[in-house]
Structure formats: C-alpha cells, structure tokens
Amino acid sequence: MPELPEVETIKQSLAPYVLGQRIREVTLYQPRVVARPGPEDFCRLQAGATVRSLARRGKYLLFYLEEERVLVVHLRLTGRLVWQASPGPLSKHTHVVWHLDNGFLLYEDLRRFGRLWLVRETELVEVAGLAALGPEPLGEGLGGSWAAAFWRRDRPLKSLLLDQRFVAGIGNIYADEILHRAGLHPLRRAATLSKGEAEALAEAIRNVLTEAIEHRGTSIRDYVDGQGASGQHQDFLQVHGRAGKACYRCGTPVVRIKLGGRGTYFCPGCQQ
DNA sequence: CCGAACCTGTGT
DNA sequence: ACACAGGTTCGG
C-alpha cells in the first residue's frame, strides 16, 4: 500500500494524537505480524511507556518511546495505522491495538505482509532492511555522487528506483510517475543516462514525491491516513493505472508492461 | 536475473 | 478459474 508519501502522511496525521501519550496497554491479536521480540515482550515492554517522537525512514515508521525503545512499523502492501477515540467493533484484520490515554491506535493489515519490531535504539540496525536503505530522496542525499552511481548500473531505470538500497521510499506507483515526469523509459539502462537526464531524474523524484505528500498520498484501494482519511493524489496520476488511455502530455496511449513482476505503465510517446 | 513465497480480496 | 494488487525476502 504505502510508499514514502503515504508513510509521511500517516506520520504527520498521527503525530497530534499520539505524541506525549502514554501507552496503557498493548493487545496483540495476530502474533505473526510482530517480527521481534516475542509476543509477550512486545506487549509488556511498551506498557506504561510514553510516545516521545515520530520519525520516518524510507517506508519505515518509527515511534520513539521511553527508555530508548523504538517501535518500528513497515506497512508493506495493505498495512494501516489509524487512531480512534473509541475502539469500536474491531475488524478481522485488526492485529494490534495500543490503548493510549486519549484513545486507541489500531494496526490493521488485510494481507498481513506488514511487520512490527520493538527494539532498543542501538538495535535499529537489526531491523530487516532498515540499515541498508539508500538516501532519503527529500533530503540532501541526491547530489552528484549519488547521480554518479547511475553510470555504473547496467539495470533498467525502474528496477533501480525500486531498489531501496539505491534510494529509499519509492514504490511501484511513484516509480512509474517519476519516470514519466523525467521523460525516461522504464527499461532504459541507467548507465546510458546523460548528465542532464540524471539531473532531470533526481528533480523528478523530488517533485513527484513532494506533490504526492501535498495531496496526502494516493488512495487506489486500501490506503488511508492516521485518521482514516483517503488521499487525493490518485486524481493526479499521469500514467500509473492508465493503460490504453491518452497521455495527458502528448496524447499517445499509455502502455502497460511487466517489469520484474510488477505492472509498469509508461507513455511510449514521451518516455525514451 | 526470475519466480515463488508470504496473504486476502476484488475484478474480469 | 485466473489475473492482479502502494512490498520485501528467499531460493534456484
């Protein structure tokens, strides 16, 4: 479900409801979603702790608690984190409930691919994938030395954008949208980019992700923010999910192919 | 590199 | 019945 703009929106929409709140109790309904520690420790070690701060790294959401403990959440495809004033009737896909002083934080996940970790700050490197993440695309990390890595990569551009070690936070929707914005074909080999094309790609990454955050994320099917609200960026998609429809820029019908097992949309008219 | 696996649901 | 879905990891 969520890529960087969605996780960032969840973080921002959750912050006013969870920051400074004390966790009275944690109820775990589906132990499989907790990667570590064991189910009893996961609940016991959070009880009584206060949420100090929130952070995002790539598609990971981090809740910094007291005693240097960090709750790390990766929502994968269908995970949701939603705050509610009252618990309401729980759905069959609600796997964790945090009982806060002011209400309830729910973790729901239809496909149960998402994972949660509770670790000490010093153990963050042990969270799968977290330590290997590439630079934050909205930080200062997409400069010249980053772009220079293009020339050494004989891979299709889209698979490079989806590689979280190369740049953190981009997923299937935004990879398609970024390449369309930059006018680059998803199968184009990274090593063949000119300096100008590499700079255009870095700028497209920043612009597309920034606009998606301004639209509070893309809600195609499952995504909602921390208050259960849908995003708006689905109304601004240029190619993703638009196979057979005219490109807004040049009128050429958008094409769908498979690349690395993922549905990939592009405009053959304006992406080379 | 590719497909399979992890899961459940929706759409054709 | 079959394809497909905002992700990642594992095995061949």
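Side chains included, hydrogens not; waters and symmetry mates left out as well; all remaining heavy atoms used. Note that this is a predicted model, so its numbers are computed, not measured. Below, read A as the first sequence line, B as the second, and so on, with proteins coming before strands; counting in each chain starts at 1.
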Exercise. Taking the side chain as C-beta and beyond, is there a heavy-atom pair between Arg56(A) and Leu4(A) under 4.5 Å?
Worked result: yes

Exercise. For Arg115(A) and dC6(B), is the shortest distance between a side-chain N/O and OP1 or OP2 below 4.0 Å?
Worked result: no

Seminar exercise, completed: Ranking dC4(C), dC6(B), dC1(B) by distance to the side chain of Arg155(A), first place goes to dC1(B)

Problem set entry | Leu130(A) CG - dT9(C) C1' separation (whole Å) | 16 Å

For this session: Verify the contact: side-chain N or O of Arg112(A) to OP1 or OP2 of dT8(C), cut-off strictly under 4.0 Å; return yes or no.
Result: no

Seminar exercise, completed: Winner on side-chain proximity to Ala128(A), out of dG7(C), dC4(C), dT9(C), is dT9(C)

For this session: Look at all strands and tell whether Asp109(A) reaches a base, only sugar-phosphate, or nothing, counting heavy atoms closer than 4.0 Å.
Result: nothing

Report, one pair per line, the protein and nucleotides 9-12 of chain B atoms (nitrogen or oxygen only) whose separation is under 3.5 Å.
unit_1 : atom_1 : unit_2   : atom_2 : d
dG9(B) : OP1    : Lys92(A) : NZ     : 3.1
dG9(B) : OP1    : His93(A) : NE2    : 3.3

For this session: Evaluate salt bridge (charged side-chain N to carboxylate O under 4.0 Å, His left out) for Lys195(A) paired with Glu199(A), printing each intermediate quantity in order.
Result: CA-CA 6 Å; Lys195(A) 189 162 187 289; Glu199(A) 287 167 359; 3.0 Å; yes

Exercise. Among dA5(C), dG7(C), dT8(C), which is the nearest nucleotide to the side chain of Phe113(A)?
Worked result: dG7(C)

For this session: Specify the separation, in whole Å, of atom NE2 of His240(A) and atom C1' of dG7(C).
Result: 13 Å

Seminar exercise, completed: Looking only at heavy atoms, the pair that brings Leu187(A) and Leu259(A) closest together is CD2-CD1, 3.5 Å

Problem set entry | Six-ring centre of Tyr248(A), Arg242(A) cation under 6.0 angstrom, axis tolerance 45° | yes

Exercise. In terms of side-chain heavy atoms, does Glu6(A) have a donor or acceptor partner in Tyr174(A) at a distance below 3.5 Å?
Worked result: yes

